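Worksheet for the structure shown next.
Please read all numbers here as calculations on a predicted model, not as lab measurements. Atoms within each ligand, like the ligands themselves, are counted from 1 in listed order.
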Amino acid sequence: MTNSTSSQNRYYLTTPIYYVNARPHLGHAYSTIVCDAIARRKRAQGIDTWFLTGTDEHGQKIERSAELAGRTPGEFAAAISAEFRGLWDRLGLSYDDFIRTTEERHKRGVQKLFATLRDKGFIYKGSYTGQYCVSDEAYVDGPPGTVCPDCGRVTETVSEENYFFKLSAFERKLLEFYDANPGFMGPESTRREVISFVRGGLKDLSVSRTSFSWGIPVPGDEKHVVYVWLDALANYITALGYGSDDPKEQARFEKFWPADMHLIGKEISRFHCVYWPAFLMAAGIPTPRSVKANGWLLFDQGKMSKSKGNIVRAETVQEILGADALRYFLLREIPFGQDGSFSFDALVQRYNSDLANGYGNLVSRVVNMVHKYFGGAVPETDAETAAEVSLRENAERAIAAFGPEFDSLNFSEALKALWTLVAETDGYLTANAPWKKPAERSEADHVLLQARVLVTAAEAIRIITALVYPILPDSAAKVWRQLGQGEIAEAAKKSFLTNLTWGGLKAGIQFGEPAPLFPRAEKDAVERMQNIEDQNSKSVIEAAGGSPEPAAKAAAARIAAAVPAHIEAAKAPEVHVAVPVAAVPTVHAPASGAPAAVATEAATAQEPQHISIDDFVKVDLRVAQILVAERVPKADKLLRLEVDLGYEKRQILAGIAQFYEPEKLIGRKIVIVANLAPRKMRGLESNGMLLAASLPDGAPVLAGFLEEAPLGARLK
Ligand code: ME8
């Protein structure tokens, strides 16, 4: 994968701006760490670099999350945005600017962009009736009940007067643009997907909403708010100063735009590779030079995500192994652009083998020996022997390989090349054993050998450290001091990577004190990290009045991911954990497998099986209202229901068609098992199960309420 570079000596790169509906997890940290590493390398090459990150704070999804937490959207967004920024600071990420889409500078820029598009005739008024996925803030083609192709949730029907962007006018232009700029999108899978999406035909895009107000008002027609993706994508220019009257800001925009790279997760390629360049082309603004997509970090078999609840927090890894260990693992273990699994076991293994026993141990041996044999001062050396020539050539090979691999975003390959040099330097030390004087070697010869071997090994370490600095900034800074090189940040400012050649370690330099770099992780490290994650989930779930038992872990994690502790946990959105049918002893699914809880027996003669309260709380029973009920073609027992839980709408299939007329069910309040694993039947997804009593003849009687029960209320 190539990363097209800019001709000027400046580089602008961005992360996605993260939604503030939930707290940051390792997936967000991954993209931000990748950008941080790139930004550090560019700066160390003497390139004037601007690294932007921030938070995406408008839209229906955030408005609803805030409502659930009992906060105004503004308060809610500010709290979670601060969590992202605070975490990036604690991880030492070197962003130059952090934009929040609720800032005035952004609002001004978005309104200018919208007005420009309208003035140029690319925005017109029309009406939209169709499906919308609130979770992805995306329009979806299909009839009511269509499931979002990206996240699998049931879409909502939207019928609004909207402004439209003439996306259809850009179909050919975009295809020509991709053709003329082969390095624009990567990896190849993303490129293919985007091109086939555009070839499939582009429809005009609705770019305003009127059914809610948490957004940037359309200039001159304030009952509309700007579509959240147009709002969000514009951050890349508003943060630089687009739309500002301040000459200084305008100059920054002129200097850094177009962006050299938007780094994103692969699921948002369409927005960045289709909509964004089209908006910019229409507005007469240059398009970004490249959009590169990272793959997904997987955990417990699925994409790590707040809605699944299968998250790990970067803080946990930082606390036990340090931020550098996390950075190294993410960049070494996952070939960029591909999905990669995260596990504590793999992390600890990689940490011990490559960092504690590898690089860390090598540095400690060499620095200690220079202190022991030469009082910490770099000695003069005599001529190279074949062994030194070979190590020098290996180092030169590593220098030659590392840069191009890193700059093509092949971080894993770049690190492999460097760790080959770690192993070779280790081997060179062992082969020459400067700590052992054979009887036949004179004292003077031995000192010469010690000097030659230690200086050569230390020089290899200097090269490794300079190259690895963007990935291990804290550890590289420590090693740099130990090698008597001063502050690495200062060296980076003086573009020390541009001229990295063998032989920079000069005689007479005084080494710093040896200091531990990567203490070996003991066996319990995995357990300790797991405990921290469990504790974190538990504290939030207990505050929410739930069960802290392990089976509720995913649920707890989801709550923890969704709402910061200081935003009342009790009001956190409730959880939907996939509970196998067998784990729900009081509810029977009919033999057909249709997830309607129409019990087929009124009572059984079996011994009652007791379950604990902890088992019971695993079942998430909720009040819901039926919005849509219709028969499923060619399935005489099944009804397709769309139900409203207050906090979300979803589709459920129920095996009650022989007993209930669909029209009579509309508006009825029912009870559903909300955390049943989704199932597909007749090509339709069922997300939950409704509860009914079962009469002896098998007829169901739907559970309901005599008093008013609010939607989404939990039954316990
Ligand atoms: O999509 N693996 O925000 P978001 C790898 N606001 N990367 C992951 C990940 C995972 N499991 N989970 C998250 C949005 N990410 C919009 C973006 S940009 C103008 C607007 C990373 O909070 C990855 O970079 O859902 C992904 O694209 C981003 O976080 C999504 O963050």
Side-chain angles (χ1 to χ4, degrees), residues 13-36 52-62 65 77 80-81 83-84 87-88 98-102 106 109-110 113 133-138 148 150-151 153 187 190 215 226-239 259 261-277 279-280 288 291-314 326 330-331 333-342 557 561-562:
L13 85 165
T14 64
T15 70
I17 48 169
Y18 304 110
Y19 283 132
V20 290
N21 65 321
R23 308 166 85 176
H25 58 70
L26 221 51
H28 306 112
Y30 177 41
S31 302
T32 320
I33 285 172
V34 168
C35 279
D36 182 71
L52 173 72
T53 188
T55 43
D56 186 355
E57 305 189 11
H58 289 130
Q60 204 164 6
K61 167 165 151 151
I62 311 296
S65 300
I80 300 200
S81 176
E83 295 239 356
F84 274 93
L87 176 61
W88 301 158
F98 186 103
I99 184 142
R100 300 183 52 198
T101 55
T102 45
H106 178 70
V110 168
L113 179 62
C133 171
V134 176
S135 178
D136 288 329
E137 298 283 12
C148 170
D150 291 330
C151 70
R153 292 181 178 83
T190 295
V226 175
Y227 172 43
V228 68
W229 270 102
L230 174 54
D231 167 342
L233 289 161
N235 91 88
Y236 301 131
I237 54 176
T238 63
M261 182 172 70
H262 294 313
L263 185 120
I264 59 167
K266 65 179 181 180
E267 77 290 351
I268 53 177
S269 313
R270 189 187 356 137
F271 300 98
H272 284 79
C273 301
V274 182
Y275 300 170
W276 183 225
F279 293 150
L280 291 168
V291 176
K292 298 289 151 114
N294 62 243
W296 286 342
L297 213 55
L298 312 174
F299 189 61
D300 284 349
Q301 317 295 332
K303 178 189 176 207
M304 189 179 288
S305 82
K306 49 215 166 198
S307 55
K308 287 210 187 81
N310 58 342
I311 61 146
V312 172
R313 297 161 320 127
L326 174 62
L330 293 173
L331 296 190
E333 195 80 6
I334 306 166
F336 184 84
Q338 295 178 24
D339 293 350
S341 289
F342 178 86

Task: Contact with ligand 1 for Phe299, non-hydrogen, under 4.0 angstrom - done: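 Distance cut 4.0 Å: Phe299 fails for ligand 1.
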
Open item on the list: Would Ala293 count as a contact residue for ligand 1, given that I'm defining contact as a non-hydrogen atom of the residue lying under 4.0 Å from a ligand atom?
Closed with: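 Not so, Ala293 does not reach ligand 1.
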
TODO: Check whether any side-chain N or O of Asn235 sits under 3.5 Å from a backbone N or O of Arg100 as a donor-acceptor pair, and report yes or no.
DONE: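 Judged by distance alone, no pair lies under 3.5 Å.
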
Short N/O distance, under 3.5 Å, between [X] and ligand 1?
X      : value
Ile268 : no
Tyr19  : yes
Ile264 : no

Quick one: does ligand 1 sit under 4.0 Å from the side chain of [X], the backbone, both or neither, non-hydrogen atoms only?
X      : answer
Asp56  : side chain
Trp229 : side chain
Leu263 : neither
Lys266 : neither

Task: Proximal candidate to atom 20 (C) of ligand 1 [heavy atom criterion; set Asp136, Ile17, Ile80] - done: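 Residue with the shortest heavy-atom distance to the ligand atom: Ile17.
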
Task: Name of the residue among Val34, Asn294, Ile33 meeting side-chain contact (heavy atoms from CB on, under 4.5 Å) with Leu330 - done: Ile33

Task: atom 31 (O) of ligand 1: nearest protein contact (heavy atom, Å) - done: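 Result: Tyr18 CD2, 3.5 Å.
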
Open item on the list: For atom 23 (C) of ligand 1, what's the nearest protein heavy-atom neighbour? Residue, atom name and distance, please.
Closed with: Ser31 OG, 3.4 Å

- [ ] Kindly assign one of parallel, tilted or perpendicular to the pair Tyr236 and His272, based on the angle between their ring planes and the thresholds 30° and 60°.
- [x] tilted

Task: Parallel, tilted or perpendicular: rings of Phe279 and Tyr275 (30°, 60°) - done: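 Because their plane-to-plane angle lies in the 30° to 60° range, the rings of Tyr275 and Phe279 count as tilted.
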
Close-contact set for ligand 1 against [X] heavy atoms, below 4.0 Å:
X      : result
His272 : 18 (S), 19 (C)
Trp296 : 2 (N), 5 (C)
Glu267 : 26 (C), 27 (O), 28 (C), 30 (C)
Ala232 : 19 (C)
Met304 : 10 (C), 11 (N), 12 (N)

Task: Aromatic contact, Phe299 with His25 (centres under 6.0 Å) - done: no

